[in-house]
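Chain naming here is simple, since letters A, B, ... match the order of the sequence lines and numbering starts at 1 in each. All values below were derived from every heavy atom in this structure, side-chain atoms included, with hydrogens, water molecules and symmetry-related copies excluded.
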Protein chains: 2
Amino acid sequence: MTQIDAPRASIRPTVDDTAYRTAQHAGAQAPEGPSKLGRKRDHTRDPEILEAALDVLADTGYDGMTIDMVAARAKAGKATLYRRWPSKAHLVLDAVACMKQNQFDVDGLPDTGTLRGDLVAMIKPHTLEDAERKLQIMAGVVSMISRDPGLAEVVNAAIIEPRAAVNRILMQRAQERGEISADADIDTLAMISPSMAAYRTLILKKPVDREFVLSIIDGVLLPALGLAVPAPQPA
Amino acid sequence: MTQIDAPRASIRPTVDDTAYRTAQHAGAQAPEGPSKLGRKRDHTRDPEILEAALDVLADTGYDGMTIDMVAARAKAGKATLYRRWPSKAHLVLDAVACMKQNQFDVDGLPDTGTLRGDLVAMIKPHTLEDAERKLQIMAGVVSMISRDPGLAEVVNAAIIEPRAAVNRILMQRAQERGEISADADIDTLAMISPSMAAYRTLILKKPVDREFVLSIIDGVLLPALGLAVPAPQPA
DNA sequence: CTGATTCGAGACTGGCAAGTACCGTATATG
DNA sequence: CATATACGGTACTTGCCAGTCTCGAATCAG
């Protein structure tokens with residue numbers, strides 16, 4: 001994990017709360033963990049807060065984002081956020097890292113019998129929208145990456161790598177059934193589509209739509225693998 | 001050009017300077033242009049200031065950059081900067097736009113007789129370093145792009161498009177001498193290398209070195225164009 | 001040489017946001 | 001049902017930085 005210089009010893013809340021105002025009872029010098037009494041922290045809200053953070057991140061970017069925005073969107077108090085994450089940076093890092101969850105499962109991947117069929121079958125409105133949002137989040141976090149190099153891996157693992165992994169699997173299957181050469185540089189090829197989509201969203205601000213993905217499949221991937229590109233269908 | 005909401009009518013300095021303190025002489029209500037007397041503005045320093053801005057941008061990003069940093073690096077006063085650009089955003093925009101200058105000239109491009117030879121000849125230490133810095137600058141500006149969509153075009157035109165243009169020219173020549181098919185989707189293919197380099201620098205924080213560029217040339221471009229990839233040379 | 005202006009340097013101001021403290025209320029534990 | 005704690009709000013503190021202003025020195029026009 002990437003280490004951010006925590007302003008204080010994390011884990012324990014930095015926020016003043018009743019525990020710290022009142023609980024001077026024991027002479028214990030080290031203010032150890034919370035006693036077992038009283039109300040417990042409601043961790044079911046964590047995902048909602050993280051999700052709110054991602055939303056804000058996606059449409060204002062890291063530097064434009066404020067903790068108040070996140071709190072408001074999550075209908076939570078600002079102090080609640082600081083009880084769980086010691087700083088804005090930690091919160092964002094956690095939010096991005098959690099995106100690694102709910103990814104494609106291998107069994108749900110298309111299996112049409114041809115590589116092109118599989119690749120085209122991956123172009124679904126839901127998939128495109130999901131990718132759009134993730135790239136938007138990535139854009140919001142780019143500036144932060146230079147400050148914390150470890151974050152680079154987290155972002156890549158959460159956003160781009162899953163896509164590339166799908167492509168690799170589809171190409172490997174194609175190799176196994178002899179559709180494409182065993183010499184093909186699959187690792188590089190699998191990164192093309194995610195990379196170009198990222199560039200298109202981050203810098204060009206143009207949509208990553210069906211047409212664009214098709215132009216990569218038919219203009220780059222299939223030719224590079226020595227596969228025939230079907231003639232465009234007449235309308 | 002992208003329009004930023006100028007805090008005031010630009011061109012004329014927003015900074016209070018002697019001209020404005022003293023020159024209430026004429027009854028002219030419109031505070032028109034500077035009179036022809038006195039010291040003239042030293043425009044030879046503009047490029048130095050812009051260059052300083054790009055340096056700071058490259059290693060702190062837009063939001064991390066302060067006007068004081070730029071002024072210090074350029075050994076200029078902060079007021080001097082505000083005399084020339086009405087805001088930080090204008091300064092940065094101008095700096096990025098000025099990168100469009102000093103680009104490759106068409107006649108200096110390699111012409112080895114084969115596409116691969118030309119592409120490989122483009123991999124020079126100087127070229128790689130230059131690209132590295134530009135991508136660093138791009139990373140610093142990404143967050144700003146979402147706020148000013150017009151900036152997207154400026155960044156693309158200044159940083160990525162020149163590279164793509166070179167690739168297009170080299171591929172067009174290859175087409176003309178019959179080395180590659182006339183059907184090849186040159187526009188898309190020319191964007192691959194710049195896009196992947198951008199992704200590699202911005203997100204992966206890995207170097208765009210000779211090895212990486214070669215893997216794109218030999219793993220993607222040449223196969224996609226139906227050209228043979230030379231076997232790796234034994235050491 | 002004189003006056004208008006720019007320059008670099010740095011003090012000053014105003015606003016914004018991270019992080020903290022406090023409050024009244026809600027809730028789990030015993 | 002009593003206590004200790006977390007909760008949503010909100011007011012507060014602090015530090016940073018864009019943008020302005022001031023000043024003494026330099027520079028150019030006439």
Side-chain angles (χ1 to χ4, degrees), chain A residues 4 6-8 10 12-26 33-46 48-49 52 56 60 62-92, chain B residues 4 6-8 10 12-26 33-46 48-49 52 56 60 62-92:
Chain A
I4 302 175
R8 317 201 169 243
S10 33
R12 294 297 143 241
T14 58
V15 173
D16 173 49
D17 217 342
T18 322
Y20 286 87
R21 285 211 309 280
T22 327
Q24 307 284 5
H25 42 60
S35 39
K36 266 60 188 174
L37 280 67
R39 186 176 177 180
K40 274 180 190 160
R41 195 165 289 171
D42 177 14
H43 279 287
T44 63
R45 300 226 45 203
D46 287 17
E48 300 172 39
I49 297 173
V56 176
T60 73
Y62 180 78
D63 298 281
M65 154 182 172
T66 71
I67 297 290
D68 291 272
M69 287 182 198
V70 178
R73 182 162 219 140
K75 297 193 203 316
K78 196 157 56 144
T80 302
L81 270 64
Y82 278 104
R83 262 179 227 115
R84 290 156 204 235
W85 297 275
S87 77
K88 176 179 168 183
H90 283 85
L91 168 64
V92 169
Chain B
I4 303 176
R8 313 193 174 253
S10 32
R12 295 297 143 239
T14 58
V15 173
D16 174 47
D17 217 341
T18 321
Y20 287 85
R21 285 212 306 280
T22 328
Q24 306 284 4
H25 43 61
S35 41
K36 265 60 186 172
L37 281 66
R39 186 176 178 180
K40 276 178 187 163
R41 194 165 289 174
D42 178 14
H43 279 286
T44 64
R45 303 227 41 204
D46 286 17
E48 301 172 39
I49 297 173
V56 176
T60 73
Y62 179 78
D63 297 282
M65 156 184 169
T66 70
I67 298 290
D68 292 88
M69 288 183 196
V70 179
R73 181 163 223 141
K75 296 193 203 314
K78 197 155 58 142
T80 303
L81 270 63
Y82 278 104
R83 263 181 226 109
R84 291 159 201 225
W85 296 275
S87 76
K88 176 178 168 182
H90 283 85
L91 169 62
V92 169

_Distance check needed: C/dC16 P versus B/Asp63 CG, whole Å only._
16 Å

*Please answer whether the main-chain N or O of A/Arg41 pairs with a side-chain N or O of A/Arg83 as donor and acceptor at a distance below 3.5 Å.*
no

*Nearest to the side chain of B/Lys88 - C/dC7, D/dG19, C/dA17?*
D/dG19

*asked:* Just N and O in the side chain of B/Thr80: are any of them under 4.0 Å from OP1 or OP2 of C/dG8?
replied: yes

*Would a 4.5 Å heavy-atom cut-off, applied to side chains only, mark B/Arg45 and B/Thr80 as touching?*
no

*When you get a sec, tell me which of D/dG8, D/dC17, C/dG19 is the closest nucleotide to the side chain of A/Ala76?*
D/dG8

*So which nucleotide from C/dA18, D/dT22, C/dT29 ends up closest to the side chain of B/Ala79?*
D/dT22

*Is the phosphate of C/dT29, meaning OP1 or OP2, less than 4.0 Å from a side-chain N or O of A/Lys40?*
yes

_Nearest-Å distance for atom pair CG/C1', residues B/Leu91 and D/dG19_ = 13 Å

_Atom-to-atom span, CZ of B/Arg73 to C1' of C/dA9 - whole angstrom_ = 19 Å

*Hey, which sits more toward the 5' end of DNA chain C by its nearest nucleotide, B/Lys75 or A/Met69?*
B/Lys75

*Per A/Lys78 side chain, nearest of listed nucleotides D/dG8, C/dT20, C/dC7*: C/dT20

*A/His43 NE2 - C/dA28 C1' separation (whole Å)*: 14 Å

*Return the nearest nucleotide to the side chain of B/Ile67; candidates are C/dG8, D/dA18, C/dA18.*
D/dA18

*Separation of A/Arg41 atom CZ from D/dG8 atom C1', in whole Å?*
15 Å

*Roughly, in whole Å, what's the span from OH in A/Tyr62 to P in C/dA17?*
14 Å

*asked:* Please classify the nucleic acid contact of A/Met65 as base, sugar-phosphate, or nothing, using heavy-atom distances under 4.0 Å.
replied: sugar-phosphate

*asked:* With heavy-atom distances below 4.5 Å as the criterion, would you say the side chains of A/Ile49 and A/Trp85 are in contact?
replied: yes

*Rounded to the nearest 0.5 Å, what separation is found between the CG atom of B/Asp42 and the CZ atom of B/Arg84?*
6.5 Å

*Using atom OH of A/Tyr82 as one end and atom C1' of C/dA21 as the other, report the distance to the nearest whole Å.*
14 Å

_Base D/dA6 paired with A/Arg39 side chain (donor-acceptor, <3.5 Å)_ = yes

*Using a cut-off of less than 4.0 Å, is there contact between a side-chain N or O of A/Arg45 and OP1 or OP2 of D/dG8?*
yes

_Evaluation steps, side-chain contact (heavy atoms from CB on, under 4.5 Å), between B/Ile67 and B/Tyr82_ = CA-CA 9 Å; B/Ile67 298 290; B/Tyr82 278 104; 3.4 Å; yes

*Just how far, in rounded Å, is P of C/dG19 from CG of A/Leu81?*
11 Å

